[in-house]
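Start at 1 with the first residue, then count along the sequence. No experiment lies behind these values; they were computed from the predicted model shown. Note: hydrogens, waters and symmetry copies are ignored here, and every other heavy atom, side chains too, is used.
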Amino acid sequence: EYSLNFSLDSVDVAPSAIADLSAFSVPNSTQTGLSWRATAEDGASGAILGGHYFIQTATSAAATFSPASAQISFSTNTAPGMLQNYLLSGLLGNASHYFRLWLQDTGGSISGDSNLAQLYVLPNPPAGLVTGAVSSSTAAVGWSEGSNNAPIEYSVWIDTDAFEPVVLVSPFKEPSD
C-alpha cells in the first residue's frame, strides 16, 4: 500500500526573489532598461507559465516599495535562469531612479522584494524649440524644459555663418559657460 501526504503550502511556494536586477541607459535613446534573470514557479524550480512581473520605480531610495505600488505589470512565460529585459520610457530626467521587481507565479504567490537597482537618468532635451528673429548679435529662442527635475540649465548655440542660421539647445551646461 502506498500513501502520499503533502501540504498545499509546500506545493505552491512563492517564487524566489530576483537578486540580480540592474538598470541601464539605452544608447542614443530616451529609454531606460532593466535586466535580470528569472526565478522559478516554486522557489527555485519550475517554469513560470501565466505569471506576472511587477515593477516599481521611485526617485527616492527611501520610498515604500511593494507590489501593490508597482506602476508596471506584465505577463510572462519563462524558465528559471532566463535573461529578462524590460524597457521604460518617460522617466523624469535629471534625477536618480530606484527600481524594485516582483514575480507572481500562476497560483498568485508573489516573490519577495528584488534587490534595489539605481540609475541616474540624464536630462531630457528641451521640448518645443521655437526660434524667432536671429541676427549676428541676438536671437529670440523659446522652449519648454521637457520632463526634468529642476533646477536645470540650458546652453544655446547660434551659428549665423551657415546659409540659414542654426540654433541648438542643450540641457548640458559646462561650468565654464
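The closest donor-acceptor contact from the side chain of R100 to the backbone of D113 lies at 3.5 Å or more, if one exists at all. No donor-acceptor pair under 3.5 Å is formed between the side chain of S111 and the backbone N or O of A17. One N or O on the side chain of D105 and one on the backbone of G108 form a donor-acceptor pair closer than 3.5 Å. Looking only at distances, no side-chain donor or acceptor of N124 sits under 3.5 Å from a matching main-chain atom of N148. Under a 3.5 Å cut-off, the side chain of T106 and the backbone N or O of G51 do not form any donor-acceptor pair. Remark: the backbone N or O of L122 is not paired with any side-chain donor or acceptor of N94 at under 3.5 angstrom. Remark: side-chain polar atoms of N149 are not paired, donor with acceptor, to backbone N or O of A95 under 3.5 angstrom. Looking at T131, its side chain never comes within 3.5 Å of a backbone N or O of V141 through a donor-acceptor pair. Between the Q56 side chain and the S66 main chain, a donor and an acceptor come within less than 3.5 Å of each other. Not one N or O on the side chain of Q118 forms a donor-acceptor pair closer than 3.5 Å with the backbone of A23.
Among all heavy-atom pairs drawn from F65 and A58, the shortest one is CZ-CB, 3.9 Å. Here the closest heavy-atom approach between residue F54 and residue A70 is recorded as CB-CB, 3.8 Å. Shown here for L83 and S35, the closest heavy-atom pair between the two residues is CD1-OG, 3.4 Å. Listed here is the closest heavy atom pair of P80 and G46: CG-O, 3.5 Å. Minimum heavy-atom separation, V26 to G33: CG2-N, 4.0 Å. Taking each heavy atom of A61 and L116 in turn, the nearest pair found is CB-CD2, 4.1 Å.
For the atom pair CD1 (I55) and NE2 (H52), the distance works out to 12.5 Å, reported to the nearest 0.5 Å. With rounding to the nearest 0.5 angstrom, the OG atom of S114 is 4.5 Å from the CG atom of L21. Rounding to the nearest 0.5 Å gives a distance of 9.5 Å between NE2 of H97 and OH of Y120. One finds the CG atom of L101 at 7.5 Å from the CG atom of L34 (value rounded to the nearest 0.5 Å).
Relative orientation of the Y86 and F74 rings is parallel, given thresholds of 30° and 60° on the angle between their planes.
Among the candidates R37, E41, Q84, the single residue satisfying the side chain to side chain donor-acceptor pair (under 3.5 Å) test with T78 is Q84.
Tracing side-chain contacts under 4.5 Å through hydrophobic residues (I, L, V, M, F, W, Y), one reaches L103 starting from F99; they form part of the same cluster.
Contact of the L119 side chain with the S96 side chain is not registered, since no non-hydrogen atoms from C-beta on lie closer than 4.5 Å. Between T32 and V121 the shortest side-chain heavy-atom distance falls below 4.5 Å. For the pair L88 and Q31, the minimum side-chain heavy-atom distance is 4.5 Å or more. Looking only at side-chain heavy atoms (C-beta outward), N115 and W36 stay at 4.5 Å or farther from each other. A 4.5 Å side-chain heavy-atom check between S73 and Y53 finds every atom pair outside the cut-off.
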